[in-house]
Structure formats: structure tokens, C-alpha cells
Chemist: 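Please find one structure pasted underneath; my questions will follow.
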Amino acid sequence: MKIYEIKAKSILHKTKIPGADFAINHYSGCQHACIYCYARFICRWRRKNERWGDFVDVKINAPELVAEESKNKKGTIILCTTADPYQPIEKKYKLTKKVLQNLNKNMKLSILTKSDLITRDIDLFKRFKNCELGLTITTLDENIKKIFEPFSPSSNARLEALKKLKKEGFYTYAFIGPILPYLTNLEKIFKEVSPFVDLFMFEDLNLSLCKKEIFKVIRKKFPELEEKYKNLSKAFWFDKEKEIKNLGKRFDKPVKIYFKHTGSLTF
Ligand code: SF4
């Protein structure tokens with residue numbers, strides 16, 4: 001693992017990510033190394049000779065920059081769009097914690113992570129007037145999780161984190177994305193996660209960004225799905241949308257769907 005300590009010129013950037021106005025990327029590169037990660041392409045220009053998951057840029061002056069750049073800002077700020085803000089290295093650098101300490105508390109804070117380390121900062125979240133905290137759950141099957149998200153905390157640890165955050169009274173959501181066709185069991189997720197979230201968000205699998213990586217895994221671990229993955233169509237994703245909406249009604253939970261294939265994701 002190569003860690004590059006660097007200094008950024010600025011840290012707060014406008015973003016087109018749905019539901020957010022600004023993003024802070026104090027880490028770039030992610031130790032979780034998810035097979036389907038789209039951020040690997042965003043980072044490719046920066047570290048051309050590195051493999052995704054083998055490097056992290058740590059912007060060590062982010063806390064100072066964020067204090068200055070956020071002080072007069074309004075709107076929603078999201079932490080890390082090209083990394084997980086609670087990836088393992090956060091235990092050492094505590095950069096997410098320091099960024100939160102210095103961030104303008106009048107801004108709405110939005111965090112999405114795959115790590116239960118998020119619960120370490122509960123006291124800090126309480127200082128914000130408004131915040132929403134999300135955990136990604138692509139599957140509750142630990143064997144499938146290990147294949148697609150090899151170095152991230154277990155689905156169960158994420159579920160426990162959601163329980164804890166909900167118990168503390170936060171607005172919580174589960175991000176089910178990307179949905180892994182024929183592997184993500186949506187009904188099971190609704191059943192087990194619903195009590196601990198206010199909202200579900202869904203994203204489709206965008207193979208145009210990770211085709212090589214996904215097919216390598218599918219051929220090796222799920223050869224029976226290879227043809228199905230080759231034949232994924234818009235109709236498949238329209239059916240998934242219907243399934244999600246029905247489950248949302250059944251479990252009485254609001255859902256937000258961000259599917260590229262059906263046009264419900266607009267940037
Ligand atoms: S946790 Fe997020 S940013 Fe990190 S590798 Fe996985 S998908 Fe990419």
C-alpha cells in the first residue's frame with residue numbers, strides 16, 4: 001500500500017452528485033478496492049502506474065483548507081467521492097475527523113461509507129444542524145461481499161453501524177449500489193435493514209465503467225451468470241425499478257432510484 005502525503009491547493013469543490021452541492025475529497029484512492037468501483041477511472045490520470053486499491057493520496061492540509069473554504073458556504077456537502085472517508089487509513093490519519101471538526105456546522109452534512117468506523121464520530125455529527133448518514137449495502141451474503149468488496153467491513157458490521165446511528169437519532173439511509181444482477185437480494189435487504197433507515201437509495205451496475213473487472217469475477221466465481229450478464233438489458237433494469245417500488249410500499253420506506261439504464265439518474 002502506497003500512501004502519498006500531499007498538499008492540496010483547495011479542497012471544497014462544487015459537485016453534480018444528486019443531493020449534494022459541494023464535495024470534499026481529502027482522500028483520493030481507496031483501500032477498500034471494490035471490484036466495481038467507478039472512482040478508479042477518476043483517479044487513473046493521477047496515479048497511472050498504480051493498481052486501484054494499492055494507493056491513497058492523503059491531503060494532509062485538508063483540515064486547514066476546509067475551515068477557510070467552508071466558513072461562508074450554504075448547502076449540502078458530501079465527504080469523499082473518490083474514496084471512502086472511513087477506509088482503514090482513517091484510523092491512523094484521522095483526517096475525516098479533523099475535516100469534520102473544522103467544517104462549517106451550518107452546512108448540511110452527507111456521508112456515505114462502507115465502514116462501521118463512522119460510529120466513532122457520532123459526537124461530531126451531533127454538532128451539525130443537519131446531517132444524513134448512509135451505509136452502502138450491496139448484499140447481506142458475506143461470501144458475495146468478500147468477492148466484490150474484498151477489503152471493506154462485513155455487511156453485518158455495516159448493519160450494526162446503521163442500528164447504532166439510528167438509535168442515536170440520526171437520519172440514516174442505506175445505499176444499495178451497485179445492484180449486482182442476480183446476486184443482490186433486494187427483498188432480504190428490505191427485510192433486515194428497514195428498521196434502521198429512513199430511506200433506501202439504489203444504483204444500477206454501470207458495466208461501461210467496470211466491464212473487464214466484473215466479467216473476470218463472474219467467469220471465475222459465478223460462471224452460470226456469464227450469459228445473463230452479457231444479456232443485461234434496459235428491460236431488466238425497468239423490472240428492478242418496479243421491484244424496488246413495490247418493496248418500498250410493502251415495507252413502507254421511501255426509495256430513491258438512480259439508474260443510468262432507465263434514465264432515472266440525471267446529471
Ligand atoms: S468503498 Fe467506494 S470508493 Fe472505495 S473502492 Fe469501494 S466503491 Fe470505490
Side-chain angles (χ1 to χ4, degrees), residues 1-33 37-50 52-136 151-153 161 165 168 170-171:
M1 174 61 57
K2 289 191 187 142
I3 305 300
Y4 298 97
E5 291 186 4
I6 58 173
K7 285 197 170 183
K9 288 189 184 134
S10 63
I11 201 73
L12 200 131
H13 303 287
K14 287 199 168 178
T15 180
K16 288 181 177 171
I17 286 186
D21 303 296
F22 299 95
I24 296 177
N25 281 305
H26 46 285
Y27 293 124
S28 243
C30 189
Q31 294 169 293
H32 286 163
C37 182
Y38 308 152
R40 74 176 70 219
F41 302 98
I42 300 166
C43 292
R44 186 178 273 166
W45 59 272
R46 195 197 285 271
R47 298 280 172 210
K48 283 192 181 73
N49 300 320
E50 305 283 7
W52 183 247
D54 285 353
F55 74 94
V56 183
D57 285 345
V58 180
K59 297 173 189 165
I60 49 169
N61 60 336
E64 294 83 64
L65 291 175
V66 91
E68 184 55 32
E69 293 176 27
S70 72
K71 66 181 176 195
N72 295 319
K73 295 281 191 306
K74 288 180 183 161
T76 301
I77 183 128
I78 189 164
L79 290 201
C80 294
T81 55
T82 55
D84 191 311
Y86 290 101
Q87 59 180 301
I89 201 175
E90 168 62 12
K91 284 186 195 147
K92 178 184 171 197
Y93 279 92
K94 297 189 173 64
L95 206 56
T96 296
K97 192 183 192 79
K98 291 174 194 166
V99 161
L100 289 171
Q101 281 164 341
N102 287 359
L103 190 59
N104 176 356
K105 307 293 182 294
N106 291 318
M107 295 187 85
K108 181 177 173 186
L109 175 67
S110 178
I111 296 187
L112 177 63
T113 179
K114 286 187 170 87
S115 175
D116 52 330
L117 184 58
I118 188 174
T119 59
R120 180 200 64 188
D121 291 338
I122 280 176
D123 288 345
L124 268 169
F125 302 143
K126 287 181 179 170
R127 294 197 216 155
F128 284 82
K129 277 192 182 155
N130 196 349
C131 73
E132 58 182 24
L133 306 171
L135 272 290
T136 302
F151 305 111
S152 57
L165 294 170
E168 293 282 344
F170 292 106
Y171 182 92

Chemist: First locate atom CG of Asp84, then atom OG of Ser152, and finally report the distance between them rounded to the nearest 0.5 Å.
Modeler: 8.5 Å
Chemist: Looking at Leu12, Ile24, Asn102, which hits side-chain contact (heavy atoms from CB on, under 4.5 Å) with Glu69?
Modeler: Leu12
Chemist: How many angstroms lie between atom CZ of Phe128 and atom CD1 of Ile77, to the nearest 0.5 angstrom?
Modeler: 8.5 Å
Chemist: Could you give the distance from CG (Asp57) to OG (Ser28), rounded to the nearest 0.5 Å?
Modeler: 5.5 Å
Chemist: Can Leu135 and Asp116 be said to form a side chain to side chain contact (heavy atoms under 4.5 Å, CB included), step by step?
Modeler: CA-CA 8 Å; Leu135 272 290; Asp116 52 330; 6.0 Å; no
Chemist: If you draw a 6.0 Å radius around CD in Glu68, do more than 12 non-hydrogen atoms from other residues or ligands fall strictly inside?
Modeler: no
Chemist: Could you list the residues that satisfy side-chain hydrogen bond (donor to acceptor under 3.5 Å, both in side chains) with Arg127, not counting sequence neighbours?
Modeler: none
Chemist: Can you check whether Gln101 reaches Lys94 side chain to side chain, under 4.5 Å on heavy atoms?
Modeler: no
Chemist: Would you say Lys2 and Asp54 make side-chain contact, with heavy atoms under 4.5 Å?
Modeler: no
Chemist: Are side-chain heavy atoms of Gln87 and Phe151 found at a separation under 4.5 Å?
Modeler: no
Chemist: Would Lys14 and Phe22 count as a side chain to side chain contact (heavy atoms under 4.5 Å, CB included) here? Give the steps.
Modeler: CA-CA 4 Å; Lys14 287 199 168 178; Phe22 299 95; 3.9 Å; yes
Chemist: Can you measure from OH (Tyr93) to CD1 (Ile3) and round to the nearest 0.5 angstrom?
Modeler: 6.0 Å
Chemist: For the pair Glu132 and Lys108, find out whether any cationic side-chain nitrogen is under 4.0 Å from an anionic carboxylate oxygen.
Modeler: yes
Chemist: Going through the checks in order, is the side chain to side chain contact (heavy atoms under 4.5 Å, CB included) test met by Leu79 and Leu100?
Modeler: CA-CA 9 Å; Leu79 290 201; Leu100 289 171; 3.8 Å; yes
Chemist: Going by salt bridge (charged side-chain N to carboxylate O under 4.0 Å, His left out), name the residues that satisfy it together with Glu168, two or more places apart in sequence or in a different chain.
Modeler: Lys126
Chemist: When rounded to the nearest 0.5 angstrom, what is the spacing between NZ in Lys73 and CG in Asn104?
Modeler: 9.5 Å
Chemist: How far does CG of Leu103 sit from OG1 of Thr96, to the nearest 0.5 angstrom?
Modeler: 11.5 Å
Chemist: Among residues at least two apart in sequence or on other chains, which ones pass side-chain hydrogen bond (donor to acceptor under 3.5 Å, both in side chains) with Glu50?
Modeler: Tyr4
